Amino acid sequence: MNEITKDIVAEHGLTEGEYEEVLSILGRTPNLTELGIFSVMWSEHCSYKSSKKWLKTLPTEAPWVICGPGENAGVIDIGDGQAVIFKMESHNHPSFIEPYQGAATGVGGIMRDVFTMGARPIANMNALRFGSADHPKTRHLLAGVVAGIGGYGNCMGVPTVGGETNFHSSYDGNILVNAMTVGVADTDNIFYSAAAGVGNPVVYVGSKTGRDGIHGATMASAEFDDDSDEKRPTVQVGDPFTEKLLLEACLELMATDAIVAIQDMGAAGLTSSSFEMADKGGVGIELNLDLVPVREEAMTPYEIMLSESQERMLMVLKPGREEESRKIFEKWELDFSVIGKVTDTGRMVLTMHGGTVADLPVAPLADAAPEYDRPWVKTETPPVLRAEDVDAPGDLGQVLLKIMGSSEIASRKWIWEQYDHMVMGDTIQRPGGDAAVVRIHNTDKALAITTDCTPRYCFADPKTGGAQAVAEVWRNLTATGAQPLAITDCLNFGNPERPDIMGQFVGCIEGMREACETLDFPVISGNVSLYNETNGQGIHPTPAIGGVGLLKDTSKMATLAFKDEGDLVLLLGTQTGDMGQSIYLREIEGREEGAPPIVNLSDERKNGDFLRQIIGLGIVTAAHDISDGGLAVALSEMALSGNMGAEITLSSKLPLHATLFAEDQGCYVITISPENCDDVLKKAKNADVSLQRIGTIGHNELNIAGALTISIDMLRQEHANWMPNLMASQSRK
Amino acid sequence: MKASVIVFPGSNCDRDLKVALTASMDTEPDMVWHGDSDLPETDLIAIPGGFSYGDYLRCGAMAANSPIMREIVKKAQNGTPVVAICNGFQIATETGMLPGALLRNADQSFVCKDVDLLVTSENNRFVGAFQQGQVIRFPVAHHDGNYFADPKTLDELEGEGQVALKYAMQSGDLTDEANPNGSLNNIAGIYNKAGNVLGLMPHPERLISDALGGTDGKRFFDNLVNSIA
Amino acid sequence: MKARVHISLKNGVLDPQGKAISNSLHGLGFESVLDVRQGKTIELDLTDMNKETAETEIDKMCQQLLANTVIENYSIELID
Amino acid sequence: MKARVHISLKNGVLDPQGKAISNSLHGLGFESVLDVRQGKTIELDLTDMNKETAETEIDKMCQQLLANTVIENYSIELID
Ligand SMILES: Nc1ncnc2c1ncn2[C@@H]1O[C@H](COP(=O)(O)OP(=O)(O)O)[C@@H](O)[C@H]1O
Ligand SMILES: [Mg+2]
């Protein structure tokens, strides 16, 4: 038995203070297995020690929330005895080291989180951030990540229906790969992870355990340096075929009442799953590691407990139900092994080769996990950039073309065509719109799903950025006609031990909280990824938000495509024309400056509720929110999607380049047929929202009076070709 | 009429196919698990898309060796109609029910999108809903749909009217641009000699309503069911 | 005992993977590359048996599953 | 000149393909199979050059493209 030296403790990422705590909990020195268990349980990844204090401030409740943060995923009620279960999770570091497998196993992990609760996954999303497009590694990473996400999700037969993709140099050394899964279950058949019933069998199912990803969990919380390539062997390989079998087997067993509790083995594998189940149930667990199905010779207890082999689950069954359960898993050619039982000792006791290899108290280890109130400093709020502070360009048409073909705005078709986004036969709004819409099978109800975050806003002003991310999600769901219900978050930040980074975190959370409250949009699950930093260069703060909304009647869905020649174009919401942090400023002036656009949450709410109401009345023929790139980009996207132009006349007092390219929040472009115009304008007046006619659709060019005239084909070329051209040029690893 | 949808470990379009067939038959097909070595009485065998056995080794190779496939090959020889979609098509070529093979897409990546297809045969059972020379639309979603056969086989297929569908422009032109995977002669689907087995990479079951973006798939299945029932 | 099965595409069968690899290699500036073909190796770990039995056994595996003889050739290598 | 690059998964790295192949072989009644690992072979056709240059050149190709050195090992074999 190795004796525990300072170095070994340090290698396990435990501070001296934390190790003192270990000693006082145990009243003795831990053995190596026990130390390993402490190190993963107390890693940032599993313990949330830097973020807990602030996460607690987020609103998590609403009448329709069945289960908020704390379980494998959040659960909301959508009526008719049905629940939606969803969560988003990061797999950033592994994806940087091995993009294909890192991204693939990230998708596999988040899907397990959802089906372990009894839901069949019906949609996947992915929120991606890469370094600048011309960084030597970017193409290799983008190609690998997209192939990996597709490789896993496509094989599972779950459609990947949307996401978001940004490029910025702050991610050169730390890309972000955030995957989200949405599933549907019956409200009376949801599964939780609290172990119960002294003597009940603890069962291991799924793949065998190998030496995969040992210390992945601690790695995922360690800042990168240039030799991080050395950390490579901890990358795991995903087996989507086995996960597909695991999904079907679990759902088959869940149709019976044999399961007491179930928990997937994610980061820190058997360790965190067994401890979480015991802790939540306030019980003890006894495991015989000789009974764990292993893939390799001579695995030590340390390796078995810390392995991150994929496609595995831990269950507590009702007594006497082992055999029927075994039959199901064997039918699906999966391992099934009773490896222990629930006890009343409140201790985790692990035996192997007839001896005890670990004996730890569950509660202290789980609850006494360190919690830090890290020092933080508020980010300086930058000055507002008004239209006057930004020169008007010579040729607005050229500007629009340049922006349509820029890294942030260009079409992501190259990505989503590598994802099966139609399997399961319920995708009624495909990628390319504001939100994807997926029908609840055999009903007229559907879920709208989107992920959003504008990191450059968060970097300039964390609070506004945090609020904006939540508001844009709400807006994108609203633009389809759906009622936004709840969000999940994936909070990607740099090193929390730096007060400025911690300040970004605190600011974003504060903004998110205000938005969630004003918009009745609770957080029901989430994930924190810190230390996204290389050689002291942190990423832009990136609180990726995934949201789900309910469309009660699929026939009332709105899309962004221009449809009927002669329909009127209207602008909903008021423009300030502020240009700070806009794509215009970045692409045309080469400046990343100023304050992000103001987020006025009460206007946001008022405008969105009004739009949803008139979509519900069936009088809106197209709807699209204004986001990156401003009004001109929104109009272009609607024209491209409908393959139809428009005649636009703007009566704003603002200079044209501000009206067209300022990224004003809480605004939408809609179209309606002329005969409904007066009625809609009256409704707007009564609802006290700003709604103005700005044009008519038709022909094959976008014409903005006094500004530009561009053919749809030219717009399409710029928009469609950027990413294929980027990826056509060869990249090295 | 009775239909059977064959389910392998890793199949994932079995439900979609069931939905499409049910809509056209107004009775549900039997879902037949690969392990069962004998098929129920059936007038139509449908082999769905997906990733049987993970598509490991070669797409369809392991499924082709399952007991149920031996049964299906026999039934097909006795004239039972078989429609094999995507992974089903790959399985059918691996069993030898259909000639040729499906290789990795020319550009190496998975492709999921609607494609336009030129109807190049007049096999009433399978494409009776359409005119020869008509352009229809189904989605594709595959990583290995790049159809290959040796020149002799290819000539036979073309000569005997065994090519069912070809990737085409909306105009009907057979261009490289219209070809999503590099298939020889833009081939998207083929029949066996007897004309009772159709293998195709595109997924008719994915466009069976306006809500899903089109109805050519619905017409495909309606005609298939009527021609059999 | 151990054995290795080498599987390669028959001449005349186009090899999309090989083609893509060779394009990429050119893209990376490896001018010297004239052609690339990709094949598979399947390493088998078998219970001990005599060479003849092994060869016939493995040949059966290839015929039935490991190789698609419509497009692939295979060769068997026994490693004691 | 011709060369062959053999690429195999590092020891301990999960090989889903190998696992599926061996299950399938068992299903077909090949009891003698204990374990299966799948690897890749890449056959290169190169302009003539001396062995040393070839080796270094091919090694570069492996590092930059052919092998995924995170999870794979590779070996280079020159065939005249
Ligand atoms: N990584 C991705 N995978 C799938 N779809 C994506 C991805 N990135 C972007 N998209 C899709 O591209 C469209 C435009 O994305 P985005 O500009 O973020 O929309 P919005 O501005 O409405 O939030 C959306 O439909 C989105 O789902
Ligand atoms: Mg939007």
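Computed over heavy atoms, backbone and side chain alike; hydrogens, waters and symmetry mates excluded. Fair warning: this is a prediction, and the values are worked out from it, not measured in the lab. Each chain gets a letter, A, B and so on, in the order its sequence line appears, and its residues count up from 1.
Using a 4.5 Å cut-off between heavy atoms, C:L66 touches chain D through its side chain atoms alone. Of the two parts of C:L65, only the side chain, counted from C-beta on, holds a non-hydrogen atom closer than 4.5 Å to a non-hydrogen atom of chain D. Looking at D:M49, the atoms closer than 4.5 Å to chain C (heavy atoms on both sides) all sit in the side chain, from C-beta outward.
Of all the heavy atoms in C:C62 and C:V5, the pair that sits closest is SG-CG1, 3.6 Å.
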Just by distance, which donor-acceptor pairs between chain C and chain D come in under 3.5 Å?
residue, atom, partner, partner atom, Å
C:S32, O, D:T47, N, 2.9
C:L34, N, D:D45, O, 2.7
C:D35, N, D:D45, O, 3.2
C:D35, O, D:D45, N, 2.8
C:R37, N, D:E43, O, 3.0
C:R37, O, D:E43, N, 2.7
C:G39, N, D:T41, O, 2.6
C:G39, O, D:T41, N, 2.9
C:T41, N, D:G39, O, 2.9
C:T41, O, D:G39, N, 2.6
C:T41, OG1, D:T41, OG1, 2.7
C:E43, N, D:R37, O, 2.8
C:E43, O, D:R37, N, 3.0
C:D45, N, D:D35, O, 2.8
C:D45, O, D:L34, N, 2.6
C:D45, O, D:D35, N, 3.2
C:T47, N, D:S32, O, 2.9

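Here C:L46 is the residue among C:I7, C:I21, C:L46 with the most heavy-atom pairs under 4.5 Å with chain D.
Side-chain contact between C:L44 and C:M1 is absent, with no heavy-atom pair separated by less than 4.5 Å.
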